[in-house]
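Working notes, structure below.
Along the sequence shown, the residues carry numbers beginning at 1. Given the structure is predicted, the values throughout are model-derived calculations rather than measurements. For the numbers below, each heavy atom of this structure counts, side chains included, while hydrogens, waters and symmetry mates do not. All ligand and atom numbering here is 1-based and tracks the order in the structure.
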Amino acid sequence: MEIKKNRVYKLKTNAAEGNTGVDLQPESSEWVEQVRNLSMEYTRQTGKTRKFKIDVFGCQMNERDSETIAGMLTDMGYEEVPQDAFADIIVFVTCCVRENAEERVYGHIGALSKECEEKGAMIVACGCMMQQPHVVEKIKKSYRNVKIVFGTHNVHTFPELLYRYLTQRKRVFEIWDKADRIIEDLPVKRTEKHKAWVNIILGCNNFCSYCIVPHVRGRERSRSMEDVLAEIRALAQDGCKEITLLGQNVNSYGNDLGEKDLFARLLYAIEEIPGIERVRFMTSHPKDLSDSLIDAMAHCKKVCHHLHLPFQAGSDRILEKMNRKYTKEHYLNLVEKIKAAVPDMALTTDIIVGFPGETQEDFEETLDVVRKVGFDAAFMFIYSPRKGTPAAKLEQTTPSEVISQRFKALVDLQTEIGTELAKKTEGQILEVLVDGPSKQNPEMLSGRTRTNRLVNFKAEGQVEKGDLVDVEIVRAGAFWLEGRGGKKRG
Ligand code: 5AD
Ligand code: SF4
């Protein structure tokens with residue numbers, strides 16, 4: 001295995017913070033090298049290679065972070081394995097957006113305690129949960145098999161922390177409470193070759209009252225357009241066809257750099273990169289989605305006609321309590337404008353049910369938005385109070401059985417509408433980017449349309465992962481379409 005010896009991680013100053021941007025990084029690359037030496041020594045003595053497994057919870061940001069952690073571990077001489085049972089290091093990239101995400105992490109870590117004791121495996125915990133002091137305390141006290149903890153702002157220090165643990169065998173807890181810089185050129189081990197996540201903006205400034213994200217991911221920091229484009233060009237050269245631009249609110253891209261409408265400009269610039277066939281992005285905030293972005297979506301051929309536009313709640317009273325800074329009318333007008341500019345735009349959304357004080361009338365407004373817009377799909381959540389957020393102090397006046405009933409009514413309505421919309425694709429020939437064998441039926445291949453619908457299909461001729469094929473849709477359900485005749489393009 002080859003290690004990039006003189007890789008230097010670049011620290012970028014965030015213009016808004018006026019930081020001096022001192023380049024500390026040769027040290028970080030040296031830590032990689034130090035651990036790599038330890039790994040080689042281990043292999044020399046035992047004939048074995050150290051192994052790792054990463055368990056990711058939560059959103060695409062975490063998926064992307066896990067690719068960086070996998071890249072670092074690979075550079076440090078570790079080999080990725082598919083199961084916890086084979087690993088020396090099990091890394092948990094955690095999420096705290098809802099309580100059940102946290103409970104699952106504790107459950108998994110607890111379940112591994114025997115494994116760790118018997119086999120000497122160790123757990124590394126990182127990600128959003130670790131930015132909360134009460135979580136770190138609990139892990140210190142009750143989960144002794146967790147040996148290294150770091151937060152969302154100091155992922156790049158992992159090699160140093162691992163070196164410290166391996167040489168001193170003392171548990172290492174290092175969580176930075178703030179990030180004022182962006183670290184470029186960290187190693188990355190991409191999960192897929194044909195498609196990739198690309199971060200464009202980190203953090204969030206919106207402080208929706210229910211949301212923990214701004215508290216654990218910090219304020220908005222945009223990567224420079226130059227760095228983003230360089231990464232996408234390199235991906236294209238490596239055979240990547242589809243990129244998804246990531247940010248908690250991609251519409252704010254560039255605001256902290258003093259730029260206006262930089263996101264739309266970025267989309268036009270990506271149009272010029274040969275090899276990239278599809279561009280997606282998430283997430284968009286309805287209060288910030290600009291006319292210039294709608295124009296860009298209509299004009300850029302590579303931008304897929306799918307927009308994830310969370311509305312969270314239909315009632316203006318609840319939207320205000322959520323600090324969302326728009327009204328139901330604004331959201332519906334925005335959808336009208338988008339549909340006028342891009343008639344075949346597929347919309348998906350996030351919805352929260354049972355925000356404190358939500359009445360039946362408020363909930364009816366949510367159902368009304370679902371009926372009026374017609375979402376292809378929706379991520380629907382029951383409100384979960386998060387310690388440290390303003391909404392957590394509000395009294396919950398609605399009984400949990402009522403919230404469950406509302407949730408079920410919403411899911412039923414969305415499933416009915418989603419199925420109706422899906423049926424419209426029957427008989428159509430759609431472009432699919434192949435992801436590999438289908439999970440639902442291993443004899444079929446699976447991939448996504450430009451509108452992000454999942455398609456399972458039987459291929460004609462030689463078709464493989466990463467190919468763009470035309471598929472005729474023969475049957476449609478709410479969650480996936482069935483197709484035939486997947487033929488490779490041109
Ligand atoms: N409770 C329930 N859902 C939440 N989300 C964020 N915070 C909470 C919470 N406290 C949902 C929102 C957001 C999605 C990523 O998670 O719908 O858009
Ligand atoms: Fe959370 Fe709101 Fe920021 Fe989205 S926009 S990450 S919901 S605070």
Mind checking whether R450 and E431 have side chains closer than 4.5 Å, heavy atoms only? yes
Check for me: within less than 2.8 Å of atom 2 (Fe) of ligand 2, which protein N/O/S atoms show up? C208 SG
What I want to check is whether the side chains of S224 and D227 have a donor and an acceptor closer together than 3.5 Å. yes
Carboxylate-amine/guanidinium contact K465 D435, below 4.0 Å: no
Candidates R448, E277, R278 - the one meeting side chain to side chain contact (heavy atoms under 4.5 Å, CB included) with L433: R278
Anything under 3.5 Å between a donor and an acceptor, one on a side chain of residues 381-390, the other on a protein residue two or more places apart or in another chain? List them.
unit_1	atom_1	unit_2	atom_2	d
Y383	OH	A391	O	3.4
S384	OG	E99	N	2.9
R386	NH1	C96	O	2.8
R386	NH1	E102	OE2	3.3
T389	OG1	R386	O	2.6

Under a 3.5 Å cutoff, is there a donor and acceptor pairing between the side chains of E259 and Y253? no
Got a sec, which residues hit side-chain contact (heavy atoms from CB on, under 4.5 Å) with T283, two or more places apart in sequence or on another chain? H308, P310
Donor-acceptor pair, side chain of D368 and main chain of E365, under 3.5 angstrom: no
Verify the distance criterion only: is there a donor paired with an acceptor across the side chains of S315 and E358 at less than 3.5 Å? no
Can you find a side-chain donor-acceptor pair between E482 and W480 that sits under 3.5 Å? no
Of the protein's non-hydrogen atoms, which lies at the shortest distance from atom 7 (S) of ligand 2, and what is that distance? Y210 OH, 3.4 Å
For ligand 1, run through the N/O pairs with the protein that fall under 3.5 Å and put one pair on each line.
unit_1	atom_1	unit_2	atom_2	d
ligand 1	1 (N)	S384	N	2.9
ligand 1	10 (N)	Y210	O	3.0
ligand 1	10 (N)	S384	O	2.7
ligand 1	16 (O)	R98	NH1	2.9
ligand 1	17 (O)	Q312	OE1	2.7
ligand 1	17 (O)	Q312	NE2	3.4
ligand 1	18 (O)	Q312	NE2	2.8
ligand 1	18 (O)	D350	OD2	2.6

